[in-house]
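Please read the structure below before turning to the comments.
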Amino acid sequence: MRTISLLNQVAGALGKSTMLAALATASIAWNAAALGVRSSHNFPSVWGQPARSLSRGSSRMMLSIDEEIDFATLGETGDTEPVGVLLLSVGAPETPDDVEEYLYNVFCDPEILTLPPAISWLFKRPLAWFIAKSRARDAKEAMKSIGGVSPQLQTIQAQAEAMKDALADRGIDGRVYIATRYWHPFAEEAVKQIVADGLNKLVIVPLYPQFSLSTSGSALRVLERMLYSEPGFPAKSSVVPAWYNRPGYLSAMCELIIQSMRTLPEGAVARAHILFTAQGLPRKYVDDLGDPYEEQIERSVALLHEALSAQGFSNNHSLAYQGQFGPERLRWIGPAADDEIRRLARQGVEEVVMVPISYVFEHMGTLNEMDREFASLARSCGITSFVRVPTLGTNPAFIGALATVVAEALPDLSRPSMQQINAGNPVSLNMVNEYTRLYTKDQLQLVPQEQPWGFTEQAEVVNGRLAMAAITVSIALSADPTLKAVVAMYRAARGMDPA
Ligand SMILES: C=CC1=C(C)c2cc3[nH]c(cc4nc(cc5[nH]c(cc1n2)c(C)c5CCC(=O)O)C(CCC(=O)O)=C4C)c(C)c3C=C
Ligand SMILES: [Fe+2]
């Protein structure tokens, strides 16, 4: 189980019993804090999560790969009403000082760290805090090593600007907004602006070419809740969950790959091995939750290889994954990129062109992991030429592809949902919900909500119990009322050696 594995990871560093005691103590502190203290920080997109996921289990969305869609025939509405375009991404800390809080937000995401609902409300925030604390130092160092700032938001802002122009070129009055999952601007901030701007139409485009529950899925879940709970949320909205197979994306990628290949020493181009890399994902997402990410990554590679071959670059190629973390036994989709580099070197490969296919902006994973760690590993293994293909950024062909993706979504928006029902067409379950009012605002509030440091009914009951327990324990330990003593008692009670 993912959760247990992460617990084990932390436990590995501290010793299981110490960690349990620390967690229990943190939990007491947290719940005690819930008696009236509210953080000065606001993390709307984290706090807005229901404790129980709305669609865990077998009803998970599974995207099928449909090669038959003729994208060129979509679009063309002739409608001049302004359209909101909401770009979704991960978000990055602005400075090294933000790192801990940012990681806390990441690990509060139930799509990243999933706890059983029965204990989630009690342990999730202390556990997220604990993991964030234990990862923060390395993450801060990594951030400092790339100049102390992640270029992510700046690039997305430039992408948004460029998209506005590309949409205008297509006759669309697009207003482009940004929502990042774990840092500002959060989805709530973006939606507030969209509502204030009075937009009636919205196309949501995750800046992830391939769909994963852990990325686009998580961000869309937040927006789905807002669709039902935010007055003024654009009445007509559409999502493009994945665009890894769009011709514009593929040709922009090919262009960048070929440019990088041409920087290789003369004569080496044909010999170079193209190593496609993608962000890793715990195998459990694919095997147990039906995450289509791995399948879409593999399809991206096949399509890119096909497109490159058509331009005379039918080089040997392979696929590997990066960014894995956690304990050894947490299985990730593979192979891992570092293992693949070693394997290629063992086979005598001397030129490697590494292509990141799941990111569309530079960030820690490209600037630190690829440019420093993988490049130095490749050198030490005897690979003489190692070239990393840049991410798409504001590449005009790529921005054009995204603008086309938006244009293609417009006919969907201009068809009111009731029209579909009246026409007797099949519609999504969401649309049925809309019309049967399965989700009303009141009903939504019945879903247990995660709260920041404020009151929840559960927290109040537990606060009472935990406060009593804490008072009892501190009286019993009045000679030495410290965590160390609590841990010692805990270990003694379990018949363990002293820590
Ligand atoms: C189990 C944990 C994680 C999964 C699964 C995951 C999937 C995933 N992530 C990206 C792209 C990015 N992730 C970023 C940050 C980030 N992601 C995780 C964890 C998981 N991601 C963490 C803990 C963090 C924080 C940084 C770190 O400690 O590594 C970023 C932003 C980085 C930056 O701007 O500096 C990106 C981009 C994809 C595509 C993906 C799909 C499976
Ligand atoms: Fe990530």
Side-chain angles (χ1 to χ4, degrees), residues 1-3 5-6 9-10 87-96 98-115 128 131-156 159 178 180-184 206-219 241-244 277-286 288-289 291-298 300 321-327 330-334 356-371 373 391-393:
M1 186 191 274
R2 252 188 307 165
T3 311
S5 302
L6 276 161
Q9 178 197 1
V10 181
L87 302 178
L88 305 180
S89 190
V90 197
E94 280 153 57
T95 69
D98 299 329
V99 162
E100 210 169 299
E101 211 168 284
Y102 166 79
L103 288 174
Y104 174 80
N105 289 351
V106 175
F107 290 106
C108 270
D109 181 353
E111 296 299 331
I112 294 290
L113 179 64
T114 310
L115 296 173
I131 300 173
K133 265 236 165 295
S134 58
R135 282 182 65 87
R137 213 177 48 174
D138 285 352
K140 274 186 201 172
E141 286 309 311
M143 194 169 177
K144 284 180 188 155
S145 78
I146 63 160
V149 62
S150 170
Q152 187 187 149
L153 184 59
Q154 223 183 345
T155 308
I156 299 174
Q159 288 171 331
I178 298 165
T180 55
R181 185 66 184 86
Y182 306 119
W183 203 251
H184 304 277
L207 285 174
Y208 307 98
Q210 301 85 9
F211 182 95
S212 168
L213 298 164
S214 62
T215 52
S216 310
S218 168
W243 36 268
Y244 66 96
T277 62
Q279 165 67 43
L281 184 72
R283 176 140 289 290
K284 200 169 174 56
Y285 282 79
V286 180
D288 298 356
L289 305 173
D291 197 313
Y293 179 76
E294 186 183 30
E295 191 186 351
Q296 293 188 2
I297 288 287
E298 286 170 1
S300 301
Y321 294 89
Q322 61 184 102
Q324 300 88 337
F325 64 90
L330 177 63
R331 286 175 57 235
W332 291 66
I333 55 178
I357 57 168
S358 58
Y359 314 122
V360 296
F361 42 75
E362 299 300 328
H363 68 287
M364 224 94 82
T366 53
L367 300 172
N368 191 44
E369 195 178 21
M370 297 183 92
D371 293 352
E373 295 172 16
T391 50
L392 288 161

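One-based numbering, in listed order, for ligands and for the atoms of each. Atoms considered below: every heavy atom in the structure, side chains included; atoms not considered: hydrogens, waters and symmetry mates.
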Would you check whether Arg135 has a nitrogen or oxygen atom less than 3.5 angstrom from a nitrogen or oxygen atom of ligand 1? yes
side-chain contact (heavy atoms from CB on, under 4.5 Å) partner of Tyr359, chosen from Thr366, Val90, Leu392: Thr366
Quick one: does Ser150 get an N or O within less than 3.5 Å of an N or O on ligand 1? yes
Please could you name the atoms of ligand 1 that Leu281 approaches to less than 4.0 Å, counting only its heavy atoms? 5 (C), 42 (C)
Quick one: does NZ or CZ of Arg135 land under 6.0 Å from the six-membered ring centre of Phe325, within 45 degrees of the ring axis? yes
Under a 4.0 Å heavy-atom limit, does Pro282 contact ligand 1 with its side chain, its backbone, both, or neither? side chain
State if Tyr182 counts as touching ligand 1 under the rule of any non-hydrogen atom under 4.0 Å. no
Please work out whether any backbone atom (N, CA, C, O) or any side-chain heavy atom from C-beta onward of Met143 is under 4.0 Å from ligand 1, and answer side chain, backbone, both or neither. neither
Once you restrict to heavy atoms under 4.0 Å, what part of Tyr293 touches ligand 1? Side chain, backbone, both or neither. side chain
Counting only heavy atoms, which portion of Gln152 has something under 4.0 Å from ligand 1: side chain, backbone, both, or neither? side chain
Has Ala139 got any heavy atom lying under 4.0 angstrom from an atom of ligand 1? no
Counting heavy atoms only, which part of Ser214 comes closer than 4.0 Å to ligand 1: side chain, backbone, both or neither? side chain
Does Leu103 come within less than 4.0 Å of ligand 1, judged by its heavy atoms? yes
